[in-house]
Number of protein chains: 2
Amino acid sequence: MKLNEGIEWAIHCLSVLAYLPEGKALPAKKLAGFFDLPEHYLAKHLQSLSQAKLVKSIKGPGGGYRLSRPAPDITVLDIVQAIDGKTPHFQCTEIRRRGPSGVPDECYQKPCGIARTMWRAEKAWRDELARVSLQDILQIGAEETPQLQIEKSLDWFGQVIQ
Amino acid sequence: MKLNEGIEWAIHCLSVLAYLPEGKALPAKKLAGFFDLPEHYLAKHLQSLSQAKLVKSIKGPGGGYRLSRPAPDITVLDIVQAIDGKTPHFQCTEIRRRGPSGVPDECYQKPCGIARTMWRAEKAWRDELARVSLQDILQIGAEETPQLQIEKSLDWFGQVIQ
DNA sequence: TTATATATGGATATGTTATATCCGTATTAT
DNA sequence: ATAATACGGATATAACATATCCATATATAA
C-alpha cells in the first residue's frame, strides 16, 4: 500500500500559503512552479483542499489560493483526509459470512473483530496526525530549513507577489 | 488508499490454522474452500506467510500449511507486514529540494519534518497492531462467533481432516 | 517404482486506482 | 473587452492489485 503522493504536495503547499501576506493569494501555477510539480495535477489536489475548506480560492486576475483559517487551526489529519478521503484503509469484505460455515447475515451482531482491530490501529494513526498542526510543521521548518533555502524562498516570494 | 485485501484473508486463515490438531496441515485448496476465496491467489498470499515464517508449509499428499509458532507469539502486525511488506506507506519524494528554492542535497541534515510526522503516525498504527496477537483474535472470535457458525465449522473440520 | 497431492516460482492476463493532461465554462479584476 | 484565474468533466497513461495458469520440485502412498 502507498499513500497518495498528493498528501506530501498538499502539506508543503499549505506551508507556503501560510507565509502569504494578508489579503494576497497564490495561483496554482505559481505553487507548482515553486516545487516543480505538474501544474494541472496539483490543481486537482488544490480543488480537493478547497472543497475541504482548508483553502479559499479566488478567481480572476490576482486570484489564487490562501489559507481559509490560521495555521494552528489546521491539522495534518485535515490535510491528509482532504486529499485521501475519509474511507478506512482496511475494508472488511465479511469473508466470515462466506463459504460452507457462513450463517445468515442477521446472526452477526457486531462488525468482525478483525476489522475492529484494524480500525483501532487506523484511529491511532489519525490521532497522531490530528495532534500535529500546520503551525507545528511551520515551526519545524523554521528550525531545520537550510538558511540558503530560506533566502531563496524569500527572493521567490518577492518576485511572485506584487 | 486501500489496504491489500489479502490481509483480511491472511488473518482469517491463520485463525483457522490455529485450530488444527497437532501434526496436521491444511492445504491451500481447503482453506480457499472454507472462505470461498480464489484458490490460486490465496496460494500466493500463503506463500508470503510462509516466507515470513508465520506458517510452515508441507509438500506432498497430506501436506499443506500449519502455524509455525503458537498463536500468542504471532501478532497482527506480523501478519500485516508479511502480506503488505514493511515499506512505509508515506513515501517522501523530497519535494523540498526541488524548484527554484531548492539547495544542494548536502544542505539537508535530517529527513523532512513532514515525512517524520507521517512516519510517527505509522509507528502508532504499527504499535497498535503489534499489541494484538492471533490469540487475542481467536479469543474475540470465541466470544462473538454465532453458535451455528461454530457448529458448521466443526462439521467442516471433521470432514476435511481425516 | 509409479501415481498422486501438494507447494513454489515465473509468466501472464485483467481490473482498478493513481497520475497527468486538456478543454470548455464561469468568474472577476483591470 | 480582455486576461487571468478556478472549476468540472473527459480522457490518456502508468502503476499496482487481483487472478489464473503452468512447469517444476517434493513428498506420500499404493
Side-chain angles (χ1 to χ4, degrees), chain A residues 1-10 13 17 20 23-33 35-66 68 80 83-85 87 89-91 93 95 160-162, chain B residues 1-10 13 17 20 23-33 35-66 68 80 83-85 87 89-91 93 95 160-162:
Chain A
M1 189 191 60
K2 214 184 71 138
L3 273 171
N4 193 321
E5 195 174 340
I7 290 172
E8 184 187 8
W9 301 3
C13 285
L17 293 184
L20 270 184
K24 296 284 185 182
L26 206 51
K29 192 170 186 173
K30 300 272 174 63
L31 266 173
F35 291 115
D36 196 20
L37 296 175
E39 174 186 337
H40 297 290
Y41 190 32
L42 176 63
K44 290 289 185 210
H45 290 310
L46 290 169
Q47 282 177 42
S48 300
L49 295 173
S50 178
Q51 282 162 13
K53 306 228 195 267
L54 300 184
V55 299
K56 170 136 183 53
S57 70
I58 297 124
K59 289 178 184 169
Y65 295 93
R66 57 182 171 77
S68 64
V80 167
I83 301 295
D84 220 39
T87 308
H89 300 152
F90 179 84
Q91 295 180 9
T93 66
I95 73 175
V160 153
I161 299 167
Q162 53 296 50
Chain B
M1 188 190 61
K2 211 181 72 126
L3 272 171
N4 193 321
E5 194 174 342
I7 290 172
E8 184 186 9
W9 301 3
C13 286
L17 293 184
L20 269 184
K24 297 285 185 181
L26 205 51
K29 192 171 186 173
K30 298 271 175 62
L31 265 173
F35 290 116
D36 195 20
L37 297 174
E39 174 187 337
H40 297 291
Y41 191 31
L42 176 64
K44 290 290 186 209
H45 290 311
L46 290 169
Q47 282 177 43
S48 301
L49 295 173
S50 178
Q51 282 162 14
K53 306 228 195 265
L54 300 185
V55 299
K56 171 138 182 50
S57 70
I58 297 125
K59 290 179 183 170
Y65 296 93
R66 57 180 172 78
S68 64
V80 167
I83 300 296
D84 219 40
T87 309
H89 300 151
F90 180 83
Q91 295 181 9
T93 66
I95 72 175
V160 153
I161 300 168
Q162 54 297 54

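By convention in this document, chain letters (A, B, ...) are assigned in the order of the sequence lines, proteins followed by strands, and residues within each chain are numbered from 1.
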Nucleotide interval of DNA chain C bounded by contacts with chain B (heavy-atom cut-off, under 4.0 Å):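 Taking any atom under 4.0 Å from a heavy atom of chain B, the span is dT4(C) to dA18(C).
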side-chain N/O S50(A) vs dC7(D) OP1/OP2, d < 4.0 Å: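 Indeed, a polar side-chain atom of S50(A) lies that close.
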Are Q51(A) and dG8(D) close enough that a side-chain N or O sits under 4.0 Å from OP1 or OP2?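 So the side-chain polar atoms of Q51(A) do come within 4.0 Å of the phosphate oxygens OP1 or OP2 of dG8(D), strictly under.
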So A28(B), base contact, sugar-phosphate only, or nothing? Heavy-atom distance under 4.0 Å.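 Sugar-phosphate: the residue A28(B), judged by heavy atoms under 4.0 Å, touches backbone atoms but no base.
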Please list, pair by pair, any protein nitrogen or oxygen found under 3.5 Å from a nitrogen or oxygen in nucleotides 27-30 of chain D.
none

Among residues at least two apart in sequence or on other chains, which ones pass side-chain contact (heavy atoms from CB on, under 4.5 Å) with [X]?
X: D36(A); answer: R98(B)
X: A32(B); answer: E39(B), L42(B)
X: K24(A); answer: L20(A), P21(A), I161(A)
X: K59(B); answer: none

S68(B): side chain to side chain donor-acceptor pair (under 3.5 Å) partners, not counting sequence neighbours: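 Side chain to side chain donor-acceptor pair (under 3.5 Å) check on S68(B) returns nothing, list empty.
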Could you list all N or O pairs between the protein and nucleotides 18-21 of chain D that sit under 3.5 Å apart?
residue	atom	partner	partner atom	Å
dT18(D)	OP1	E5(B)	N	3.4
dT18(D)	OP2	N4(B)	OD1	2.9
dT18(D)	OP2	Y41(B)	OH	3.3

Taking ring pair (Phe, Tyr, Trp, His ring centres under 6.0 Å) as the definition, give me every residue that meets it alongside H45(A), ordered by chain and number, with sequence neighbours left out.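 W9(A), Y41(A).
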From NZ of K29(A) over to C1' of dC7(D), roughly how many Å is that when rounded to an integer?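 Rounded to the whole Å, the gap is 17 Å.
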Please report, rounded to the nearest Å, how far the C1' atom of dT26(D) is from the CD atom of Q47(B).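 These atoms are roughly 14 Å apart.
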